[in-house]
J.: 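Quick one: structure below, then a few questions.
Values reported hereafter were calculated over all heavy atoms of this structure, with side chains retained and with hydrogens, waters and symmetry mates removed. Protein chains get the first letters and strands the later ones, always in sequence-line order, with residue 1 at the start of each. Computed from a predicted model, the values in this text were never measured in an experiment.
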Amino acid sequence: MARTWTNREVAELLRRIADMLEIKGEVIYKSIAYRRAADNIADLGRDLRAIWREGDLREIPGVGQALSKKLDELLSTGRLRYYEKLEEEVPAGVLSLLAIPDVGPKTVKLIWERLGILSVAEVERAAREGKLRQLPGLGEKSEQRILRGIELLHRRSERIPLGTAWPVARELLAALRQVLGVRKATAAGSLRRMCATVGDLDLLVSSSSPAPVMQVFGQLPQVERVSLSGETKTTVIQRNGLQVDLRVLPPERYGSLLQYFTGSKSHNVKLRGLALEQGLSLSEYGFKRGEEEILCPREGDVYRMLGLQRIPPELREDRGEIEAAAEGRLPALVTEGDIRGDLHCHTDWSDGAASIEEMALAAMERGYEYLVISDHTQSLGVANGLTPERLKEQRQEIERVDARYPDFRLLQGYELEIKADGTLDFPDDVLAELDVVIASVHSGLRQEREKITQRVLNAVRNPHVDIIGHLSGRILGHREPSEVDIPEVLREAAKTGTIIEINSIPDRLDLEDIYVRRAVGLGVRLAINSDAHSVGGLDMMRFGIATARRGWAEAKDIVNTLPVGDLLALIG
DNA sequence: GCCGTTTTCGGCCCGACTGTTTTCAGTCG
């Protein structure tokens with residue numbers, strides 16, 4: 001039987017082809033086309049094979065005749081001869097050289113053809129032996145730059161979670177705001193778009209005198225070295241290996257600067273194409289019509305000029321938002337102010353740090369109307385999971401605290417184990433007693449697709465289960481998502497009315513944005529939960545909200561925007 | 001290789017910075 005390809009793997013294959021074509025020196029637009037198709041396939045939110053079987057692959061933007069034929073071969077035979085042929089021309093080792101910062105396809109081709117090099121280690125050796133500087137177009141400085149690039153490649157970790165990047169950016173921005181003449185300082189790039197992970201930081205400053213800003217920036221204690229510095233742009237590498245880019249422009253150009261560096265790249269490419277159609281040229285400096293400049297001090301000016309609604313940063317991925325903005329039908333995305341309560345948190349009754357009352361008070365401070373205490377159940381021994389007996393004791397404590405605060409509702413739920421054998425941790429009569437039941441997988445995450453999907457579907461179909469917690473089980477940077485068939489679970493949840501959680505813990509952000517979008521499309525109810533294990537953990541809600549927004553979710557799609565009475569009526 | 005209320009062929013975003021160059025190519029975002 002032909003091997004099955006996941007969307008992610010297909011996208012990865014197409015990106016490799018794009019790299020190979022670029023190294024071969026094919027016209028760049030071919031590579032761009034392959035990458036665009038790869039992005040769109042990775043973002044589908046449903047199984048590529050389903051579209052292949054039930055429809056036309058050319059429904060996918062960026063997939064035309066040639067690519068649909070290749071994808072058809074790949075999906076039906078599990079192989080792609082075109083790729084295999086390319087592999088003979090451009091060995092895998094050559095592709096691996098592209099990972100070196102400041103080394104692109106042209107340099108790779110040069111090093112490979114002239115020196116026969118097939119690995120990063122060999123490049124390093126050649127650089128140390130002074131062989132690279134002998135190549136045409138490369139000199140001593142390039143050689144040193146490549147060596148530094150290799151060092152960075154070894155040291156820097158993968159993309160870092162949003163929740164880790166956030167405080168780092170805040171600290172840097174606070175320092176930049178101290179510089180004389182600085183009007184505004186903002187994080188842009190994937191951080192502003194609230195992507196689950198961030199590769200580097202893009203910081204923007206509004207000031208008419210960039211020089212002192214650049215100087216201060218280069219000398220911050222976090223900075224290990226300045227890798228690039230010009231009049232409007234400086235790039236530094238932090239001690240932790242993180243790259244931070246800074247751009248400075250005067251206030252009258254700040255809107256176009258912010259728009260441009262927020263991205264995404266594909267969003268901007270489309271926007272600029274739109275500008276061209278209107279006889280305009282758009283860059284970070286503003287619009288140009290011939291020689292005439294049209295400046296944009298505010299970001300909204302850029303979109304207004306193009307006849308578009310202002311597009312929230314979280315949507316700027318070229319996933320249809322520009323078309324929607326042109327027709328005035330952007331969604332009214334859920335906001336922090338819409339959230340009335342948190343349905344998932346832990347206390348010191350299981351593996352949380354705070355008491356029930358401390359969590360309740362913290363929820364009230366955040367303006368919530370209700371909070372669900374949802375500790376782990378017995379099978380999760382490592383987390384001191386609750387037995388039915390301790391659950392009853394806890395109920396008394398929850399009722400006692402609840403009675404103390406008449407304007408606030410404290411509810412009891414729990415995070416129920418979906419056990420490795422597919423059964424639930426409690427029998428139905430125990431399940432029936434509580435306000436909110438969240439069912440989650442914490443074990444057997446490596447089970448094969450069919451088995452783990454059935455376990456979750458079993459929980460979805462149980463009438464006592466209200467919510468499915470962190471569906472994929474991924475931990476960014478540590479654990480890949482399980483093989484659970486997410487589109488299938490979403491379809492079933494739409495039928496049964498089961499709520500799917502958007503878990504806000506920054507290295508989970510699970511449901512992923514592309515599946516949030518799919519869920520919204522299917523009419524699945526969603527909950528944005530902090531899964532807090534401490535008082536401070538409640539604040540992670542903002543990352544869950546951002547993920548919901550990236551999935552085009554409105555308040556009506558999110559159950560914890562409801563008043564408590566409506567919520568309880570909904571989950572029965 | 002894709003795509004089309006200006007096109008089924010001829011376009012395909014725009015600029016900063018660096019290095020090895022005598023006017024520009026490569027890389028990056």
Side-chain angles (χ1 to χ4, degrees), chain A residues 14 17-18 21-23 25-40 57-71 82 97-111 132-146 148-149 152 188-191 193 198-204 210 214 226-235 243-249 253 256-257 259-288 302 306 318 322 326:
Chain A
L14 296 181
I17 292 175
L21 294 173
E22 211 175 339
I23 291 172
E26 287 274 356
V27 284
I28 187 64
Y29 298 109
K30 244 187 192 187
S31 296
I32 291 172
Y34 272 90
R35 293 197 181 107
R36 195 165 104 77
D39 288 345
N40 288 325
L57 289 170
R58 279 175 292 189
E59 291 165 21
I60 302 165
V63 175
Q65 196 178 0
L67 272 171
S68 83
K69 199 155 167 261
K70 289 190 172 75
L71 289 173
Y82 178 69
L97 306 188
L98 285 174
I100 305 171
D102 292 328
V103 173
K106 297 286 192 287
T107 311
V108 165
K109 184 172 203 240
L110 185 71
I111 294 176
L132 296 186
R133 71 182 71 172
Q134 294 162 14
L135 297 173
L138 295 184
E140 204 171 330
K141 285 191 173 172
S142 303
E143 200 171 66
Q144 289 309 311
R145 199 157 41 99
I146 290 170
R148 280 203 307 270
L152 193 63
S190 47
L191 187 73
R193 300 200 313 280
V198 174
D200 56 22
L201 298 183
D202 294 297
L203 306 182
L204 307 179
M214 297 305 186
V226 177
S227 70
L228 173 159
S229 81
E231 278 177 41
T232 68
K233 176 177 177 173
T234 294
T235 295
Q243 177 177 317
V244 187
D245 296 335
L246 172 68
R247 291 284 301 244
V248 184
L249 283 185
R253 299 184 192 273
S256 43
L257 179 71
Q259 193 290 315
Y260 182 64
F261 279 96
T262 298
S264 65
K265 192 169 182 168
S266 50
H267 174 89
N268 285 352
V269 167
K270 192 164 265 187
L271 224 53
R272 288 177 175 205
L274 210 58
L276 282 179
E277 286 175 19
Q278 301 178 23
L280 297 162
S281 160
L282 173 62
S283 77
E284 58 264 49
Y285 293 91
F287 288 99
K288 268 195 221 165
V302 177
L306 294 169
D318 188 23
I322 293 175

J.: Rounding to an integer number of angstrom, what distance separates dC28(B) and dC13(B) when you compare their C1' atoms?
T.: 14 Å
J.: Sugar-phosphate atoms are those with a prime plus P, OP1 and OP2; base atoms are the rest. Using that split, label each nucleotide of nucleotides 16-26 of chain B B, S or - for protein heavy atoms under 4.0 Å, 5' to 3'.
T.: SSSSS-----S
J.: Say you pick atom P in dG15(B) and the same atom in dG10(B); how far apart are they, in whole Å?
T.: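 Result for the P pair: 26 Å, nearest Å.
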J.: Rounded to the nearest 0.5 Å, what separation is found between the CG atom of Leu204(A) and the CG atom of Leu246(A)?
T.: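 Separation between the atoms: 7.5 Å.
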J.: Can you tell me how far C1' in dT8(B) sits from the matching atom in dC17(B), rounded to whole Å?
T.: 40 Å
J.: Pick the closest DNA chain B nucleotide for Val269(A) and for Pro101(A) by heavy atoms, then say which residue is nearer the 5' end.
T.: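 Checking each residue's closest nucleotide, the 5'-ward one belongs to Val269(A).
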J.: What is the nucleic acid contact for Gln243(A), judged by heavy atoms within less than 4.0 Å: base, sugar-phosphate only, or nothing?
T.: sugar-phosphate
J.: Is there a donor-acceptor contact under 3.5 Å from the side chain of Arg253(A) to the main chain of Tyr285(A)?
T.: yes
J.: For atom P, what is the distance between dT6(B) and dC2(B), given to the nearest Å?
T.: 23 Å
J.: Mind calculating the distance between CG (Leu282(A)) and C1' (dC12(B)) to the nearest angstrom?
T.: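 These atoms are roughly 16 Å apart.
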J.: Would you measure the distance from the P atom in dT5(B) across to the matching atom in dG1(B) and give it in whole Å?
T.: 23 Å
J.: For Lys265(A) and dG15(B), what is the distance between atoms NZ and C1' respectively, to the nearest whole Å?
T.: 12 Å
J.: At under 4.0 Å between heavy atoms, what does Leu271(A) touch on the DNA or RNA strands: base, sugar-phosphate, or nothing?
T.: nothing
J.: Roughly how far, to the nearest 0.5 Å, is CD1 of Ile146(A) from CD of Gln144(A)?
T.: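 Answer rounded to 0.5 Å: 10.0 Å.
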J.: List for me each residue that meets side chain to side chain donor-acceptor pair (under 3.5 Å) alongside Thr262(A), sequence neighbours excluded, and say none if there are none.
T.: Arg192(A)
J.: Of all the nucleotides listed (dC2(B), dC13(B), dG29(B)), which has the minimum atom distance to the side chain of Ala33(A)?
T.: dC2(B)
J.: CD of Gln259(A) versus C1' of dG29(B): gap in Å, rounded?
T.: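 The distance from CD of Gln259(A) to C1' of dG29(B) comes to 13 Å, rounded to the nearest Å.
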J.: With sequence neighbours left out, what residues match Thr232(A) under side chain to side chain donor-acceptor pair (under 3.5 Å)?
T.: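 Partners of Thr232(A) under the side chain to side chain donor-acceptor pair (under 3.5 Å) test: none.
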J.: Going by the rule side chain to side chain donor-acceptor pair (under 3.5 Å), which residues pair with Arg36(A) if we only count those two or more places apart in sequence or in a different chain?
T.: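 Partners of Arg36(A) by the side chain to side chain donor-acceptor pair (under 3.5 Å) criterion come out as none, since no residue qualifies.
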J.: Write down the distance between CG (Leu246(A)) and P (dG29(B)), rounded to a whole number of angstrom.
T.: 15 Å
J.: Could you check whether Val103(A) gets within reach of a base, just the sugar-phosphate, or nothing at all, counting any heavy atom under 4.0 Å?
T.: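 Sugar-phosphate, backbone atoms only, no base.
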J.: Quickly work out the Ile17(A) CD1 to dG1(B) C1' distance and round it to whole Å.
T.: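 That distance rounds to 12 Å.
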J.: Using a 4.0 Å heavy-atom cut-off, does Tyr260(A) contact any base of the nucleic acid, only the sugar-phosphate backbone, or nothing at all?
T.: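 Base: the residue Tyr260(A), judged by heavy atoms under 4.0 Å, touches a nucleobase.
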J.: Ring of Tyr29(A) versus six-membered ring of dC12(B): centres under 5.5 Å and planes under 30°?
T.: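 Tyr29(A) ring centre within cut-off of dC12(B) base, planes near parallel; stacks.
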J.: Does the side chain of Arg145(A) reach to within under 4.5 Å of the side chain of Glu140(A), using non-hydrogen atoms?
T.: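 Arg145(A) does not reach Glu140(A) side chain to side chain.
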J.: Both Asn268(A) and Lys70(A) contact DNA chain B. Which one's nearest nucleotide lies toward the 5' end?
T.: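 This one resolves to Lys70(A).
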J.: If we take the P atom in both dC9(B) and dC14(B), what is their distance in whole Å?
T.: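 Rounded to whole Å, the distance is 25 Å.
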J.: Using modelled atom types only, decide if a donor and an acceptor are shared between the side chain of Asp202(A) and the backbone of Asp245(A) within a distance under 3.5 Å.
T.: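 Here the side-chain-to-backbone pair does not exist.
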J.: Please state whether the phosphate of dG1(B), meaning OP1 or OP2, lies under 4.0 angstrom from any side-chain nitrogen or oxygen of Tyr34(A).
T.: yes
J.: Return the value, rounded to whole Å, for the distance between atom CG of Leu21(A) and atom P of dC12(B).
T.: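 Leu21(A) atom CG is separated from dC12(B) atom P by 21 Å.
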J.: Please list, pair by pair, any protein nitrogen or oxygen found under 3.5 Å from a nitrogen or oxygen in nucleotides 4-8 of chain B.
T.:
none

J.: In whole angstrom, give the distance that lies between atom CD1 of Ile32(A) and atom P of dG11(B).
T.: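 Ile32(A) atom CD1 is separated from dG11(B) atom P by 16 Å.
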J.: Tell me whether dT22(B) sits syn or anti, counting syn as a glycosidic angle within 90° of 0.
T.: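 Base orientation: anti.
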J.: dT27(B) and dT20(B): how far apart are their P atoms, nearest whole angstrom?
T.: 13 Å
J.: Base, sugar-phosphate or nothing for Ser281(A)? Non-hydrogen atoms, less than 4.0 Å.
T.: sugar-phosphate
J.: In this structure, how many angstroms lie between the C1' atom of dC12(B) and the CD atom of Glu26(A), rounded?
T.: 16 Å
J.: According to the side chain to side chain donor-acceptor pair (under 3.5 Å) rule, which pairs have a member within residues 269-278 of chain A, sequence neighbours left out?
T.: Lys270(A)-Asp318(A), Lys270(A)-Glu323(A)
J.: Hey, does the side chain of Ser31(A) reach the backbone of Ala18(A) with a donor-acceptor pair shorter than 3.5 angstrom?
T.: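 Here the side-chain-to-backbone pair exists.
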J.: Please check: side-chain N/O of Glu143(A) versus main-chain N/O of Arg133(A), any donor-acceptor pairing under 3.5 Å?
T.: yes
